[in-house]
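Each remark here refers to the structure printed beneath this line.
Remember, predicted model here, so these are calculated numbers, not experimental data.
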Amino acid sequence: MEFEKYQNLHTIIMLKEVIRKWWQAELVFADKHGVVQEWQRGDIIPPPNDFCRLSLLSKEGGRRCSQSVRVLHEKFKSSKRLRRALTHDCHLNFTIIGAPLYIDNEYEGMLFIEGFARQPPGEREAEVLKSQIRELTTVDTDLDRAVARVPVMDASELGKLSDLLEFAVNEIASYEAELSRKDETIHSLSNELSDRYRFEKIIGRSTAMMEVFKLMEKVANSDSTVLINGESGTGKELVARAIHHNGPRKEKPFVVQNCSAFNDNLLESALFGHTRGSFTGALRDKKGLFEVADGGTFFLDEVGDMSAALQVKLLRVLQEGTFIPVGGNHSKEVDVRVIAATHKDLSELVKKGEFREDLYYRINVIRLHLPALRDRREDLAILIDHFLRKHHRENQRTRGLSQEALAILHAYPWPGNIRELENEIERLLVLGGDLDLIPPDLISSRIRDAVMPGGTSLMSSVRTTGKLNEAVEALEREMIQRGLVRTQYNKSRLARELGISRSNLILKISKYGLDRGSDSSDEAED
């Protein structure tokens with residue numbers, strides 16, 4: 001335990017001043033090993049007792065003083081039940097008085113005051129003292145004057161000092177307890193913040209994901225229809241589940257249907273159910289998924305692939321809460337919250353006449369856009385760490401990825417987004433299960449080829465010795481140079497892939513002399 005932090009406690013400052021003023025003594029700390037750190041460093045405040053000062057400033061005398069302190073320390077350490085102040089006579093026959101410090105019932109050291117006599121030294125004691133100090137040091141000091149200045153404390157004064165020392169250690173223990181409570185509060189708040197970063201199983205701390213989380217929190221407690229836009233693999237279903245499980249319908253069913261998975265007839269039967277005999281093979285009545293989801297949430301994935309005929313039926317459910325099963329004559333009523341998702345631009349489909357405008361506005365009540373992984377590169381590190389832990393097998397040696405492998409993963413644009421990243425990490429763990437660190441050559445060839453055309457290593461041309469900032473700049477230059485070649489000098493695209501602003505990229509290109517000149521086609525390609 002670092003006792004330096006207690007030196008600035010108001011209570012300790014006041015106690016030190018009182019002890020100096022009334023008893024001409026210094027309050028000193030010894031750690032749980034009985035070591036006085038200040039003495040070891042040579043940072044000694046000269047005590048009023050000249051004999052103690054001369055002893056501490058000599059090598060052998062300092063060793064003996066430290067040993068005297070350890071004797072008192074051992075008394076405290078040997079019994080946890082001993083919480084009161086004790087005394088011990090040092091090698092010069094002066095009294096040391098100390099009080100043990102316990103934090104969470106563990107002995108952490110002691111506070112002590114050393115170097116005073118119980119009564120004024122007699123003539124014989126004085127001669128012994130002077131003889132002992134001459135053995136330890138050759139410093140020329142008026143020892144007769146030193147004898148006359150020896151601090152003396154009677155029993156009553158000793159009792160007062162004991163009370164003050166016990167008060168001091170209790171104050172420090174209280175201070176540590178308060179710090180512990182604050183740490184617990186901070187840990188609790190940190191977990192709360194972590195939950196906000198995650199929001200169920202969704203992991204991210206980038207600015208883009210923080211905006212997504214904020215909107216999710218707002219819509220979770222409503223019944224409004226939500227449209228989730230995002231590329232394939234960005235986690236649209238996870239977001240829909242999080243909205244459901246954080247809302248008032250969490251105790252009710254959460255049903256999922258991908259609208260591109262079936263043809264029209266099968267999808268209509270899956271959504272609305274059918275009656276017996278309505279088509280060949282319909283041997284009995286079957287509930288549709290809307291009926292199964294009654295009271296809960298229905299997640300319609302890839303709603304942009306739904307046919308015009310089914311769009312009409314979906315619109316009726318959204319507007320009226322009713323539908324008719326395939327082959328049925330009577331409508332059924334349901335209370336379902338719909339969350340739709342698509343990777344397509346529905347507004348463009350509306351313009352082309354491929355998606356009903358009235359349905360578009362009905363499902364686009366609240367729109368939530370999920371950013372592609374290349375647009376939230378700040379999240380790559382925590383996502384990689386999450387998937388490494390998620391897919392780590394028992395008794396597997398792998399601790400993680402090598403620096404070169406990480407550099408390749410960070411440079412890759414991830415067109416398949418989070419799904420592609422998770423699959424790659426799982427694959428790497430299977431292939432590199434017996435290795436401590438996964439090397440770059442195990443990374444899928446499509447990723448390596450995208451980042452390192454021609455198969456050359458990203459790190460091979462970067463030195464790994466010398467100053468760190470120079471090595472980092474060399475790696476940065478190499479990544480930007482290869483990225484410019486890969487993207488055909490499309491700076492906007494490369495900036496997105498690298499997770500930096502376009503203006504910042506342009507500054508770095510200029511800094512490293514990578515611009516290919518004033519060719520106007522550079523900007524046209526952007």
What are the two closest non-hydrogen atoms of [X] and [Y], and how far apart are they?
X	Y	answer
Ala240	Phe299	CB-CD1, 3.5 Å
Ala173	Tyr102	CB-O, 3.6 Å
Pro439	Leu435	CD-CD1, 3.6 Å
Ser55	Ile133	N-CD1, 3.9 Å
Glu114	Pro47	OE2-CB, 4.1 Å

Residue pair Thr234 / Asn417, side-chain donor-acceptor N/O under 3.5 Å: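 The criterion, which ignores hydrogens and geometry beyond distance, is not satisfied for Asn417 and Thr234.
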Do Asp31 and Gln37 meet the criterion of a side-chain donor-acceptor pair at a distance under 3.5 Å?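 Gln37 and Asp31 do have a side-chain donor-acceptor pair below 3.5 Å.
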Check the pair Arg249 / Thr297 against side-chain hydrogen bond (donor to acceptor under 3.5 Å, both in side chains), numbers first and verdict last. CA-CA 7 Å; Arg249 296 174 180 259; Thr297 304; 5.2 Å; no
Flag the pair [X] and [Y] as a salt bridge only when some basic side-chain nitrogen lies within less than 4.0 angstrom of an acidic carboxylate oxygen.
X	Y	result
Arg427	Glu424	yes
Lys130	Asp144	yes
Arg53	Asp50	yes
Arg64	Glu60	yes
Glu237	Arg241	yes
Glu17	Arg20	no
Arg446	Asp449	no
Glu166	Arg84	no
Glu211	Lys214	yes

When rounded to the nearest 0.5 angstrom, what distance separates [atom1] in [X] from [atom2] in [Y]?
X	Y	atom1	atom2	value
Leu56	Thr137	CG	OG1	11.5 Å
Asn49	Leu92	CG	CG	8.0 Å
Ile382	Ser206	CD1	OG	7.5 Å
Ile243	Ile228	CD1	CD1	5.0 Å

Heavy atoms from other residues, nucleotides or ligands near NZ of Lys16 exceed 12 (cutoff 6.0 Å):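 More than 12 heavy atoms, drawn from other residues, nucleotides or ligands, come within 6.0 Å of this atom.
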Is the CG atom of Asp142 crowded by more than 12 outside heavy atoms at less than 6.0 Å?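 Counting neighbours around CG of Asp142, more than 12 heavy atoms of other residues, nucleotides or ligands fall under 6.0 Å, so yes.
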Evaluation steps, side chain to side chain contact (heavy atoms under 4.5 Å, CB included), between Leu421 and Tyr412: CA-CA 10 Å; Leu421 174 64; Tyr412 183 61; over 6 Å; no
Determine the interplanar angle of the Phe254 and His244 rings, folded into 0 to 90°, and report it as parallel if under 30°, tilted if 30 to 60°, perpendicular if over 60°.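 Ring orientation of Phe254 relative to His244: tilted.
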Give the intermediate values and the outcome of salt bridge (charged side-chain N to carboxylate O under 4.0 Å, His left out) for residues Glu422 and Lys390. CA-CA 9 Å; Glu422 180 174 6; Lys390 178 180 177 181; 2.7 Å; yes
For Arg134, enumerate each residue passing the salt bridge (Lys or Arg N to Asp or Glu O under 4.0 Å) test, keeping only those at least two apart in sequence or located in another chain.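 Salt bridge (Lys or Arg N to Asp or Glu O under 4.0 Å) list for Arg134, sorted by chain: empty.
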How about Leu15 and Leu164: do any of their side-chain heavy atoms sit closer than 4.5 Å?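 Yes, side chains in contact.
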Can you spot which of Ile97, Leu72, Val69, Thr95 makes a side-chain contact (heavy atoms from CB on, under 4.5 Å) with His88?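 So the option named by the test is Leu72.
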Once ring pair (Phe, Tyr, Trp, His ring centres under 6.0 Å) is applied, do any residues pair with Phe387, and if so which ones, sequence neighbours excluded?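 Ring pair (Phe, Tyr, Trp, His ring centres under 6.0 Å) list for Phe387, sorted by chain: empty.
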Test of understanding: with side-chain contact (heavy atoms from CB on, under 4.5 Å), list the residues that count as partners of Lys218, not counting sequence neighbours.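 Listed in chain order: nothing, the list is empty.
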Show your reasoning for whether side chain to side chain contact (heavy atoms under 4.5 Å, CB included) applies to Ile96 and Asp89. CA-CA 6 Å; Ile96 304 173; Asp89 289 342; over 6 Å; no
